[in-house]
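Just below is one structure, and these are the notes that go with it.
Naming: A, B, ... by sequence-line order, numbering from 1 per chain.
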Number of protein chains: 2
Amino acid sequence: MNKETEFITTPITREDIPQLDNIELLFFAYRDFVGDADRILAEYGFGRAHHRVLYFVNRKPGLTVAELLEILQITKQSLARVLPQLIQSDHIIQATGTNDRRKRLLYPTRKGRDLVLALSAPQSRRIDNAFKSTGRNADTLVMKFMKAMIGKATGN
Amino acid sequence: MNKETEFITTPITREDIPQLDNIELLFFAYRDFVGDADRILAEYGFGRAHHRVLYFVNRKPGLTVAELLEILQITKQSLARVLPQLIQSDHIIQATGTNDRRKRLLYPTRKGRDLVLALSAPQSRRIDNAFKSTGRNADTLVMKFMKAMIGKATGN
DNA sequence: AAAATATGTCAGCACTATTGACATAAATAT
DNA sequence: ATATTTATGTCAATAGTGCTGACATATTTT
């Protein structure tokens, strides 16, 4: 019986996957991009989840817990490990809603603002530097591309 | 004592972080991009780690364990959970090196090749569609940008 | 008064990744 | 020939992030 367990020795190519190169580039670009923040987060004993929460609270101060969950697409239980830590470390403050007192509005403190700026700085720099090497109006085009990348998968 | 615990109510802006919009776009773009594969992986009981291993073994059939660890930037112990599963499920085969018999050369099977193609297809489609909406020569420019995004962080 | 909403919390599980320590086989150096 | 280095594997413990299900509390709406 021919049970030679078929090896494949040829690599996948653009023939197989048209956007092969870009898939790979996106993978490495994102890895190095988040790596910038990871190094700083580690000093605080925080992880990426902390970063994301801190980021969106700074982006939209006063947002509610439900809104945050919606943006991050995580569950309440996941947030429950991370948010209390950010509150206890005085990076985020919770305020009871005035209209609806069930709601918890999330605000950054000065400390929280400072940290998010420190985390974003190297990422912003990396993008800035990348644009410098791509020449004029790359900015507009890349943004257009990125926007088009966002959303549910298409069937075709 | 004025311990009003200073709130910050203003959002961060492009003033604070020049590439704010692109940071966000990259975050959402990547999330949806990997989401394409996540749905398929879940059917096989695999995670992203399996995907990455399978991808690079298909990209460079015959690569060694050490090379794979180098590319993925993970430790041997992390791979030790994932690789045996892919071997047992007949997606990857290990062959002893001929020159150096300490080495384990990793090859995809037919099944492994088929799976990596199935995983990459929706990702490739997403990128393709994104380019359709950005017009001509976006491809070259975006690739140039992505390449420039890769590497160690810069000090400036 | 009853139902719905917003949030919190407890318990348990899964996946990915880490470090440190130790083991084995094979190649290389002395 | 012996010693060391290299490539890989494995065991044990820990951390971070996410999930589901169940239940509790406060507040608002019906």
Side-chain angles (χ1 to χ4, degrees), chain A residues 27 30-31 34-35 37-57 62-89 92-107, chain B residues 27 30-31 34-35 37-57 62-89 92-107:
Chain A
F27 170 69
Y30 192 79
R31 186 185 65 179
V34 296
D38 284 348
R39 262 167 263 118
I40 300 170
L41 287 164
E43 297 169 21
Y44 290 78
F46 289 154
R48 287 181 192 176
H50 298 87
H51 186 183
R52 292 197 287 270
V53 169
L54 194 60
Y55 179 86
F56 285 106
V57 169
L63 92 174
T64 65
V65 170
E67 283 166 350
L68 186 56
L69 295 177
E70 173 65 23
I71 291 173
L72 297 178
Q73 290 185 191
I74 57 170
T75 59
K76 169 175 63 164
Q77 294 92 328
S78 294
L79 186 63
R81 227 179 301 97
V82 150
L83 183 56
Q85 289 176 20
L86 287 165
I87 290 168
Q88 210 177 6
S89 64
I92 288 177
I93 288 180
Q94 265 184 334
T96 299
T98 47
N99 290 357
D100 187 338
R101 295 182 50 218
R102 290 171 305 179
K103 292 183 178 173
R104 298 287 171 270
L105 310 184
L106 305 174
Y107 292 94
Chain B
F27 169 69
Y30 192 79
R31 187 184 66 177
V34 296
D38 284 349
R39 264 167 262 117
I40 300 170
L41 287 163
E43 297 170 19
Y44 291 78
F46 289 155
R48 286 180 192 176
H50 299 87
H51 186 184
R52 291 196 288 269
V53 169
L54 193 60
Y55 180 87
F56 286 106
V57 168
L63 91 175
T64 65
V65 170
E67 284 166 349
L68 186 56
L69 294 176
E70 172 66 24
I71 291 172
L72 296 178
Q73 287 185 194
I74 57 170
T75 59
K76 176 174 56 163
Q77 294 91 329
S78 291
L79 187 62
R81 229 177 321 97
V82 150
L83 183 56
Q85 289 175 19
L86 287 165
I87 291 167
Q88 212 179 3
S89 63
I92 288 178
I93 288 180
Q94 263 184 337
T96 299
T98 47
N99 290 357
D100 188 337
R101 297 183 47 221
R102 290 171 304 180
K103 291 183 178 175
R104 298 286 172 271
L105 312 183
L106 306 174
Y107 292 93

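Between Leu72(B) atom CG and dT18(C) atom C1' the separation is 15 Å, expressed in whole Å. Distance CG (Asp100(A)) to P (dT30(D)): 12 Å, rounded to an integer number of Å. Rounded to a whole Å, the CZ atom of Arg101(B) is 16 Å from the C1' atom of dT28(C). Rounded to whole Å, atom C1' of dA7(D) lies 13 Å from atom CD of Gln77(B). When rounded to the nearest whole Å, the span between CD1 of Ile74(B) and P of dT16(C) equals 10 Å. A straight line from CG of Leu68(A) to P of dG18(D) spans 11 Å, rounded to a whole angstrom. As rounded to whole Å, 13 Å separates atom P of dC19(D) from atom NZ of Lys76(A). Rounded to whole Å, the distance from CG on Leu105(B) to P on dG9(D) is 11 Å.
With the nearest nucleotide of DNA chain D identified for both His50(A) and Leu83(B), Leu83(B) has the one nearer the 5' end.
Separation of atoms CG (Leu68(A)) and CG (Leu83(A)) is listed at 7.0 Å; rounding is to 0.5 Å.
More than 12 heavy atoms of other residues, nucleotides or ligands shown are found within 6.0 angstrom of CD on Gln77(B). Counting heavy atoms of neighbouring residues, nucleotides and ligands inside a 6.0 Å radius, atom CD of Gln94(B) exceeds 12 of them.
The base of dT8(D) lies outside donor-acceptor range of the side chain of Arg104(B), with no N or O pair under 3.5 Å.
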